[in-house]
Every structure is written in C-alpha cells, then in structure tokens.
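Below: the structure, in structure tokens.
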Amino acid sequence: MTLFGSASPAGDPSGAADAVTVTVTVDEHGLVTGWSEGATRLFGHRGEDIVGRPLDALLADDAKTLMERTAVVQSWKGEVTARHRDGSPLTGALLVHRRRMAGGTDRLLVWGATDAPPTPRDRLPVDWCFEQAPCIMAVFDTDLRYVHVNADEERAIGLSEAQLRGLRITQAVPDPESERIERAMRRAMETGERQYLEVHLQVAGARGAHAWAIHLAPLADPAGHLRGVCFAAQDTTERYEARQRLLLLNEAGTRIGTSLDVAHTARQLVELAVPRLADAAVVDLLPVPDNATEPPDAPLADPVTLQRVARQPALQDATGTPCDTSLPAEWLTVPEPTVYGTGAPALARWARLDPQADRLVEAGAHEVMTVPLRVRGTTLGTALFIRHRPSAPFVREDLLLAGELTARAATSIENARYYARERAIAVTLQHSLMPRRLADRTAVEVASHYLPASTRAGVGGDWFDVIPLSGARVALVIGDVVGHGIQASATMGRLRTAVRTLADIDLPPDELLTHLDDLIVRLAADEHGDSTHLHGEIGATCLYAVYDPITRACTLASAGHLPPALLRPHGTVEFLDLPAGPPLGLGGLPFETAELELPEGSLLALYTNGLIERRGRDFAKGLETLRHVLAEPAASLQAVCDATVHAVRPARQDDDAALLLARTRTLPPDHVATWEVPADPTAVAPARRHVRDRLAAWGLDELSFVTELIASELVTNAIRYGQPPVRLRLIRDRTLICEVSDSSITAPRLKRARTFDEGGRGLLLVAQLTQRWGTRYADGKTIWAEQDLPGGTPAA
C-alpha cells in the first residue's frame, strides 16, 4: 500500500520551496528498511547511512512506544518529533500504515505537513474546473432558468451562454424528456437530495437521439439557503445502444420462432427490427423447391424472383397476401450482412425492379442492409433493413445484430418449412388411408368429419370406417392411435386394414378387438425386438359396433374408447354405458360386448377425444355441448355433423378429431323370407320351390335358376354335415343374399373334386356362381352367398 505525504525541506519553514514527499519504511523489529529522497532532503541523512539502523536514531520521541501504538491498527496518525542530522528537532504530522509484505509485516511512515492553510499559489480557479469538466455542466437558478453553462453544453444545444441565460431547459430543448429533467430539478430543490435519471433525446447537430446520464444536485450558500441546481450530463449513447442490442437479442430469443408458420415467423422478425434497428424491413423468400427443381448449387438468375412474406410497415393489401418481388441476385449471394448506400448501383436496380422499393427510395431511403437468410449452407431468401429517416448510418454493431436476428429467423423458417413438409406428408398419408367416400347402406345413413390438429402437434392417428357385412348388416368403427405424425398415421393405416380383414370373416366385436389387441402387441415386438415387456408401447383405442337392419340389433364393444352418443327418434340424447374394455396394446385382457335394440331413425354418434377435449375446458362440459348440438334439428345428417364440429371443436386444437354419425334404417319385412327346413334330404325340393316362388314375387325370375341351385347345395350340406335346426333365408337388399344356418360349428371347406368323385363340388359351385360368399358364427354357423341384382339397381 502506498501513502503520500509532503513537507518543506529543512531550512525553509515558510513552505516557499517545493513540497517533497517524505516516506520511511520500518520492519516489525523497528529497523529502517526504506528511505525516500524527500526524507534525505528533510532530515539530512543519506539512505545508506540510515537504512538498517533502529528507528531511535531518527526519532526524538520514544520509538518503542510508537511501534506498540501501531502494532494492532491498520493506520495511525499523530504528531511526533524527529531529529535532523545536525541534531535540531523537527516536529510534524506522521501517518503510519501497516503493510503485509512477502517477508513479513512492515510499517510505512509518511511525514506530512502541518495544518497551515495552503498558499494562494496552491489554489486552482473554480471557473477553470467548470469550463474544462469532462462532461456537460450547467447551473440553474431557483426558477429553473439557465445561469451558467460550460462549453460542452453550448456545443450540445447549439446556443451560447448569453443566448441560454434566462431560458428553461424545456425551451432550449423542446422534448418530452426535457420535461422529465425539469421535474427532477424541482424534486431536487424540494427534497434537498441529489437526483439521477437517464434520458434519450436528440440535441442540435446530432443525427438521431442520444442517451444521457443526468446528475442533479441542489446548490445552497453557506447559510443553507437554496440558490439553484447544478446540472451535469454525460453522453452514454454507446453504452445505451449496446444494452438495447442485448435486450433486442434477448427478446428475439422469446419472440422469433414461437409459431411453425413461415409467414408468421417472418412477420415476427420485421416487427422486432422496426423501429429499433431500422425504419423499415422486408423479408423475401425463394420459392419452396420441389423434386423437379435444379440442384442447390445451380446459379441464380439475375434478377431473382422471390415471394414477399413480411414487411414493416406493411404496404401490401389489407389481406396480407404475399406478393412476388424481384431482387438483384447479388443480395442473395453475399456471404454476410452488407450495406448499400444511396449511390450504390444495386440500390438503384432494386428501385427499378420493385415498385414498393421505388416508393421507399422516393421517401428518402439512404441505406439498405441486406442479410441473406441462410441455414446450413442453404439460402432461403433475404431480409432487408432500410433507414430512410434522418438517422445515423448503420455501424458494425448493427450488422452483427442484424446477422444474429436473421440467423435465428432463418432457423425458425427452415423448421417451419420442414414441419409444413412433414405435416403435408402426414396429412396426405392420413387421407389416403381414410375411406375416400362413405356410401350410404341399407342399414344406415352416414356422415363424417375429420380434422387434423391445428398446432405443431401434427396429424394424429384418428380414423373411422363403415364396413358392409353379410346379411345386410354394417360395421361402424372409430379409433385413435396414441401419438402424432407419420408414425401414428402409418399405425392407423395398419389397424384400419386389420379391422377390415377381421370384419370380413364376420368376427363378433369382442373377438375382433381381441385379435386387434394381439396385432398391436406383435407390432410393438417387431419394432423393438421380441420382448415380453413391451405392453403399451403402441397404444390405441377403438370402438366397434355391428348393426343389423333386419333385427335392429346393435352389438358394440369398446377398447378404452369414449362411449358413443345415441339420439333416439323422440329427441333425447344419451351416452351408452358400455363395458369398459382396456385400450389396445396392453395384451391379454378380455373385451365384452353390449347389445341393444335401436328404433328406426336412431342416430349413433361415434367420436374421438380430440373433438370434445379442450385445454381449459372441463371434459364433462364438452360432452354436454355434444349432447345439446346433436339434439338440435337440422336439414340433413351432414348438416348435423358440420354443426357438431363447429360447436364442439375449438378453433385451434393440439389433437386431431374424428366424428362419425350413423342414422339407422330397417329393412322392410317383405324383403326378407325365412323357412325352417327339416333335417331330411327330401326337404331340399320344397326349399327350392320356396325360393323360386319368392323370387317370382319379387320380380327376380331371371335369378331363379342360379339361386335355386345355390339354396339346394347349401341346404344339402347343412342337412348332411350340420345339425338341426336348419334355416333358409333370402334377403333382398342391394344384392340378393341367400343364407343357410344350422347349429353346427363345423367349418365348411372349399375343395376341388376329382374327375370321378361323386361329391365335393357344392361350395366350389357356389363360389363360382356368386359375387361373394362366406361363413359367420353365432349360435352355430351361417353360410351366405350374394348375387348382384339385375341391372345393378338396388331394391326399392
């Protein structure tokens, strides 16, 4: 630690000679270890004569007492008497400071002058200090009017002291910030406390506003009477702008890229940049390439045609529709942010190519900074930052800031484009796997609606289907695969195909869900390896319902899916209480069926959770809204479907949604004919006769020969290989259906008879004479066969 002192040399007590610094160092044993030049001049001892001697050789006072006094304090000051080399005493002020050194602790002794008042030659003129202060300074009277200013204040305001005297600061610098300064002056006078504030205003001769740190202090005379206010200001523009750039970067991190929408991200960039970085900004993007475009390294045409997706301030039409624009090719190929001034040829070319740019040039655009939007070596477009007001030119820090902002926006735009491509693929896949058209069946009238997720969650795995079954029945299916994206869509496609395959063999709903559950478990094992710990790896819910328009029976089974809503013909809506089955993918758990009879005209609503679940809304509220909308009258079933989606589904939703409506119908009784057939081979002939007579009554005589043959073969097989009771049924639907039932569960086999075999040709003959045939099992088995009606006209 270094301390300074001064004293007059010996023989000059008047202090007329130059003051000198007198320092002596002493170690912890009291030996002198250091001697300054000033000490030689004051005490007369040379350094080599005194260093190493005890302090007693210098002091007339007791040196031991001094060492004891300074042993426990950091600093000590007092008056001591020393001896000159000639023996004369010298009395003066001594400052002792203890120091910790590498070799131990020593003491620094500083010999000071007495408390005599300084001589006139020691004074510095106060006016010099005021005029040459390293900041703007001014003095205001109690009316807050200028009294005295320094040269810096004159230069800043552009007025001399004589012109400023008597003015208030709000008159000298008309600006709302000046009013803040004046209020702070008044507060300093009222409270007697110093004030500090930061303002941002433009002064004379400056391009653009500057930042100023203002210090205000009340001025009082020795009697304590308030005489005015001292004003000091320092230009802190560089520090302020650096802080503003940092704040802008921090804000960009939270604002840019919050949406996976290209245009919205571009708007976020220009809205953030104007007016804090530029007076205007635009973002122009290259068209999204497709598979037929040139390679990425192909040279750009000059000029380049881009699409303007954002501009601030907005000059395009009120709809905000992006418009085409043209830019010089060099603006997309520059390696870093580049500024083009008023005389730059590229700026003049831009004005000729872009009508909106011409308007900016006419408005006085004096600088354009172009920053290419580039991600991983791929150029997406360019961002232009324009200054056309009387503002300062772009500096290096502005270029760095624009480059950082644009880099963040480019990354977000590329992510948005990647998301848009992935979403388009997923939506295309989803729609290709969904039924293209749900044709009305005799059993039901149907309407449907599918809505993909409207947020970044992406397309999900919701699906529905209407599957025709034997005996004029129909299967209604709806399901929801856990997850989003292409993987969920692909899994949904697998499940839909599996459901159609299982439905084709006429499995009951509970058995069908069991097979579907096993399929999902196997899919998970195939994707992650054969393991017994993969249950639930791929999850889905499903509801499968079978409706018979002849008996009006509806059989349903649920695999963790939401219960369907039923609107009865008299107008009441209820949610069916089905056995709660586990979601698909858990494996090994049973499913149960529920059966109910539906009056003709009943409306069955099957839906996924994305339709009614909404963030911030109670689940029960969604069900209640669905109940209310279904009960409202509508012109058509599709109108009911559309109204339901509009009322229940939120505008933006994280999950996709599906809705399937089915209004039940019944087959007229005269379109069905049933006969009990005795288990006797002689009963075949009467059965053929019954068939012939019924077809004649229906006006289908031309199908008589084939249908008699089919009925004969099926009845014969039931009598010969099945068990009574045997039942024959004809159904006139959109096709002609012939069914033969018995109580045996023995599966029929289709085989080819050899040349000399007497039997074995029955089912082969049936298969060749009909469009479809099959077997279903329920209280035995039923073998059925379908033929197209003449002319392809459905039954009346």
Only counting residues at least two apart or in another chain, list the ones meeting side-chain contact (heavy atoms from CB on, under 4.5 Å) with E397.
-> R245, V395
Hey, can you tell me if H148 and F130 have their rings parallel, tilted or perpendicular (30° and 60° cut-offs)?
-> parallel
Go through the structure and list residues passing salt bridge (charged side-chain N to carboxylate O under 4.0 Å, His left out) with E179, not counting sequence neighbours.
-> none
Salt bridge (charged side-chain N to carboxylate O under 4.0 Å, His left out) filter on E414, not counting sequence neighbours, yields R421
Would you call D279 and R387 a salt bridge, using N to O less than 4.0 angstrom?
-> no
Pairing of E198 and R243 as salt bridge, 4.0 angstrom limit | yes
Going by atom types only, do Y450 and D462 share a side-chain donor-acceptor pair under 3.5 Å?
-> no
Indicate whether any N or O donor in one side chain lies under 3.5 Å from an N or O acceptor in the other, for D642 and Q638.
-> yes
Would you please say whether a donor-acceptor pair under 3.5 Å links the side chains of T382 and T370?
-> yes
Please identify each residue that fulfils salt bridge (charged side-chain N to carboxylate O under 4.0 Å, His left out) with R168, with sequence neighbours left out.
-> E182
Test of ring centre spacing under 6.0 Å for F140 and Y146 | yes
What residues, two or more places apart in sequence or in another chain, satisfy side-chain hydrogen bond (donor to acceptor under 3.5 Å, both in side chains) together with R155?
-> D152
Is R267 paired with E271 through a side-chain N to carboxylate O contact shorter than 4.0 Å?
-> no
Taking atom types as modelled, is there a side-chain donor on T258 or Q268 under 3.5 Å from an acceptor on the other?
-> yes
Pair listing, ring pair (Phe, Tyr, Trp, His ring centres under 6.0 Å) test, anchored in residues 233-282, at least two apart | H200-Y240
